[in-house]
Amino acid sequence: MNKNRKKIMYVVYSGVIAALYVVLTLPMAQFAYGPIQFRLAEVLTILPAFSMGGIPGITIGCFLANLLNPGNLGPIDIIGGTLATLIAGFLSRILGKKNKILGIIPPIVVNGLIVGAYLPFLLAEPGSSVTAGAVALSMLSVAASEAVLLVVLGIPLILVINKNPKIKSKIENL
């Protein structure tokens with residue numbers, strides 16, 4: 001594949017992932033935003049373990065999903081969630097080189113720590129205080145919901161990709 005074609009495929013692959021992230025998040029907004037953060041689109045966070053093209057895809061997708069959130073939580077969530085996704089994507093890429101299944105760990109830990117830390121402040125009633133316990137519970141809740149999704153859907157997706165050499169080869173070459 002020539003260099004220009006490879007660049008175009010990289011951009012298209014990232015764009016498709018970003019679009020899928022938004023499409024898998026917004027229709028289920030009542031579950032995707034808030035203390036539970038159950039986003040079906042988070043299954044896509046396994047893709048950086050296979051290809052660098054997954055990193056901009058999930059990052060842009062998260063940015064757009066947070067920006068278009070019907071109950072928009074503002075710039076902290078838009079930037080914080082996007083940054084957490086970007087960091088998790090790079091870490092998944094690193095761990096995924098050793099073992100693809102290890103690539104599920106960074107989205108769980110990073111989203112739990114970053115998103116879980118600021119959500120209680122964004123969701124609190126104006127003028128109310130947020131306790132350390134509420135922050136810890138939020139971190140645990142975000143990490144747990146991410147873990148359930150990635151164990152139940154992410155690991156099987158990794159196994160399917162690994163078992164199909166044509167698909168795996170196409171993804172890894174982007």
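The shown structure was predicted, so the numbers you read here are calculated from the model rather than taken from an experiment. Position 1 is the first residue of the sequence, and the numbers go up from there.
Taking 4.5 Å as the limit, every side-chain heavy atom of Leu47 sits out of range of all side-chain heavy atoms of Ile58. Considering only heavy atoms from C-beta on, Phe38 comes within 4.5 Å of Leu149 through its side chain. In this structure, the side chains of Val135 and Thr131 stay at 4.5 Å or more apart for every pair of heavy atoms. A 4.5 Å side-chain heavy-atom check between Ile171 and Tyr13 finds at least one atom pair inside the cut-off. With contacts defined as side-chain heavy-atom distances shorter than 4.5 Å, the pair Ile87/Ile114 qualifies.
Atoms NZ and CG, on Lys7 and Asn2 in that order, are 10.0 Å from each other to the nearest 0.5 Å. Between the CG atom of Leu119 and the OG atom of Ser141 there is a distance of 8.5 Å, given to the nearest 0.5 Å. Rounding to the nearest 0.5 Å places CD1 of Ile158 at 5.0 Å from CD1 of Ile46. Taking OG of Ser169 as the start and CD1 of Ile161 as the end, the distance is 12.5 Å to the nearest 0.5 Å. Atom OG1 of Thr25 and atom CG of Leu20 lie 10.0 Å apart (nearest 0.5 Å). A distance of 11.0 Å separates CG of Leu153 from CD1 of Ile104, quoted to the nearest 0.5 Å.
When all heavy atoms are compared, the tightest approach of Pro120 to Ala117 is CD-O, 3.7 Å. Minimum interatomic distance between Thr85 and Cys62 (heavy atoms only, all atoms of both residues): OG1-SG, 3.3 Å. Across Pro48 and Gly89, no two heavy atoms sit closer than the pair CB-O, 3.4 Å. Considering all non-hydrogen atoms of both residues, Leu26 and Ala65 come closest at CD2-O, 3.9 Å. Residues Val130 and Ala124 come closest through the heavy atom pair CG2-CB, 3.8 Å. Closest non-hydrogen pair, Ala49 versus Gly103, comes out as CB-CA, 4.5 Å.
Side chain of Asn164 to main chain of Val160: no donor-acceptor pair is present (N/O by atom type, distance under 3.5 Å, no hydrogens or angles). Ser51 places a side-chain N or O within 3.5 Å of a backbone atom of Leu174 that can act as its donor or acceptor partner. Remark: side-chain polar atoms of Ser14 are paired, donor with acceptor, to backbone N or O of Tyr10 under 3.5 angstrom. Of the possible polar contacts, one joining the Thr45 side chain to the Glu42 backbone as a donor-acceptor pair under 3.5 Å is found. Judged by distance alone, with hydrogens and angles left aside, the side-chain atoms of Asp77 form no donor-acceptor pair with the main-chain N or O of Leu73 at under 3.5 Å. Of the possible donor and acceptor atoms, one in the side chain of Thr59 sits under 3.5 Å from a partner among the backbone N and O of Ile55. A donor-acceptor pair under 3.5 Å is formed between the side chain of Tyr118 and the backbone N or O of Gly81.
A continuous path of ILVMFWY side-chain contacts below 4.5 Å connects Met9 to Val16, so both sit in one hydrophobic cluster. Both Val43 and Val148 are assigned to one and the same hydrophobic cluster, defined by single-linkage of ILVMFWY side chains at heavy-atom distances under 4.5 Å. Residues Leu44 and Met28 fall within the same hydrophobic cluster, defined by Ile, Leu, Val, Met, Phe, Trp and Tyr side chains chained together at heavy-atom separations under 4.5 Å. Hydrophobic clustering (ILVMFWY, side-chain heavy atoms < 4.5 Å, transitive): Ile167 and Leu157 are in one cluster. When the side chains of ILVMFWY residues are joined at heavy-atom separations under 4.5 Å, either directly or via intervening members, Val110 and Val115 end up in a single hydrophobic cluster.
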Q) side-chain contact (heavy atoms from CB on, under 4.5 Å) between Ile78 and Asn72: does it pass, once the steps are laid out? A) CA-CA 9 Å; Ile78 294 166; Asn72 195 310; 3.9 Å; yes
Q.
For a side-chain contact (heavy atoms from CB on, under 4.5 Å) check, start with the C-alpha distance between Thr82 and Leu86, then their side-chain angles and the critical distance, and finish with the verdict.
A. CA-CA 6 Å; Thr82 302; Leu86 178 64; 5.6 Å; no
Q) Going through the distances and angles, do Phe121 and Ile76 end up as a side-chain contact (heavy atoms from CB on, under 4.5 Å)? A) CA-CA 10 Å; Phe121 296 96; Ile76 291 173; over 6 Å; no
Q: Using the side-chain contact (heavy atoms from CB on, under 4.5 Å) rule, take Glu146 and Gln37 through it: C-alpha gap first, then chi angles, then the decisive distance, then the call.
A: CA-CA 8 Å; Glu146 188 89 11; Gln37 292 279 312; 6.0 Å; no
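Judged by a 6.0 Å distance limit and a 45° cone about the ring axis, Lys168 is not positioned over the six-membered ring of Phe50.
In this model, no donor atom of one side chain and acceptor atom of the other lie less than 3.5 Å apart for Tyr33 and Arg39.
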